[in-house]
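Down below is the structure, laid out as structure tokens.
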Amino acid sequence: VQLQASGGGLVQTGGSLRLSCIVSGFTGDDYAIGWFRQAPGKQREGVACINRADGKTYYTDSAKGRFTISSDNAKNTVYLHMNSLRPEDTAVYYCAADSLQITLATLRGLHYSPAHWGKGTQVTVSS
């Protein structure tokens with residue numbers, strides 16, 4: 001399994017970015033893709049995840065109302081659309097994949113970690 005994240009960059013406060021995560025190597029639909037982020041000096045935190053099988057989405061409070069996770073199954077790509085960006089959104093963003101149970105537990109801050117991670121993409125929001 002491989003995940004490749006891209007789309008980060010430098011944006012001003014209030015701006016938007018779209019991150020992409022290309023997923024390969026899975027057989028079947030029994031997995032979920034999550035977006036996580038880690039800011040300098042802070043612990044990793046969950047952002048959002050999407051279940052491949054039914055497209056159901058889940059968000060943390062920091063993402064609700066501003067971020068949208070979506071997928072294009074034909075392209076094996078999951079997106080994170082980020083709007084109304086704030087300086088506190090500055091972080092390295094990672095996509096990760098595992099079962100929905102593991103991915104959702106990690107998203108919610110429980111002591112789990114998806115088995116498969118992509119390299120991060122830097123998002124910097126200037127004030």
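By the 4.5 Å heavy-atom criterion applied to side chains, R52 and F26 are not counted as neighbours. Considering only heavy atoms from C-beta on, Q4 stays 4.5 Å or farther from K119 through its side chain. Between S16 and V11, the closest side-chain pair of non-hydrogen atoms is not below 4.5 Å.
Scanning both residues, A5 and C95, for their nearest heavy atoms gives CB-SG, 3.9 Å. Residues Q122 and A91 approach most closely at NE2-O, 3.4 Å, considering heavy atoms. For the pair V123 and G8, the tightest heavy-atom approach, listed with the atom from each and the gap, is CG2-CA, 4.1 Å.
To the nearest 0.5 Å, atom CD1 of residue I69 and atom SG of residue C21 are 8.5 Å apart. To the nearest 0.5 Å, atoms OG (S24) and NE2 (H116) are separated by 10.5 Å. Note that CZ of R86 and OG1 of T13 are 10.0 Å apart. Values are rounded to the nearest 0.5 Å. The NZ atom of K56 lies 9.0 Å from the CG atom of N51; values are rounded to the nearest 0.5 Å. The structure places OG1 of T90 at 8.5 Å from CG of L10, a figure rounded to the nearest 0.5 Å. Of the inter-residue distances, the one linking D72 atom CG with S20 atom OG reads 10.0 Å to the nearest 0.5 angstrom.
There is no path of hydrophobic side-chain contacts, each under 4.5 Å, that joins I22 to V1. When hydrophobic clusters are built by joining Ile, Leu, Val, Met, Phe, Trp and Tyr residues whose side-chain heavy atoms come closer than 4.5 Å, directly or via intermediates, Y31 is not grouped with L100. Hydrophobic clustering (side-chain heavy atoms under 4.5 Å, transitive across Ile, Leu, Val, Met, Phe, Trp, Tyr) keeps V47 apart from L104. Y79 and L107 end up in different hydrophobic clusters when Ile, Leu, Val, Met, Phe, Trp and Tyr side chains are linked at under 4.5 Å.
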Report task. Mind running side chain to side chain contact (heavy atoms under 4.5 Å, CB included) on L3 and I33 for me, showing each step along the way? Result -> CA-CA 10 Å; L3 296 94; I33 304 295; 4.2 Å; yes

Requested in this report: Go through the steps for S113 and R44 under the test side chain to side chain contact (heavy atoms under 4.5 Å, CB included), then give the verdict.
Outcome: CA-CA 11 Å; S113 182; R44 184 188 68 199; 3.8 Å; yes

**Report entry** Derivation of the side chain to side chain contact (heavy atoms under 4.5 Å, CB included) call for T60 and E45
**Finding:** CA-CA 9 Å; T60 58; E45 64 172 344; 6.0 Å; no

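Here the rule is side chain to side chain contact (heavy atoms under 4.5 Å, CB included) with T121, and of L19, L80, V92 only L19 fits it. Each of Y94, Y93, W117 was evaluated against F36; a single residue qualifies, W117, per the ring-ring contact (aromatic ring centres under 6.0 Å, His included) test.
Annotation for N73: atom CG counts as buried by contact number, over 12 foreign heavy atoms lying within 6.0 Å.
The ring-ring contact (aromatic ring centres under 6.0 Å, His included) pairs that include a residue from residues 40-64 number zero, where partners must be two or more places apart or lie in different chains.
Between the side chain of S127 and the backbone N or O of P87 there is no donor-acceptor pair closer than 3.5 Å. For Q38 (side chain) and K42 (main-chain N/O), a donor-acceptor pair under 3.5 Å exists by modelled atom type.
In this view, R66 and D89 satisfy the salt bridge (charged side-chain N to carboxylate O under 4.0 Å, His left out) rule, not counting sequence neighbours.
No side-chain N or O of T103 forms a donor-acceptor pair with one of D98 less than 3.5 Å apart.
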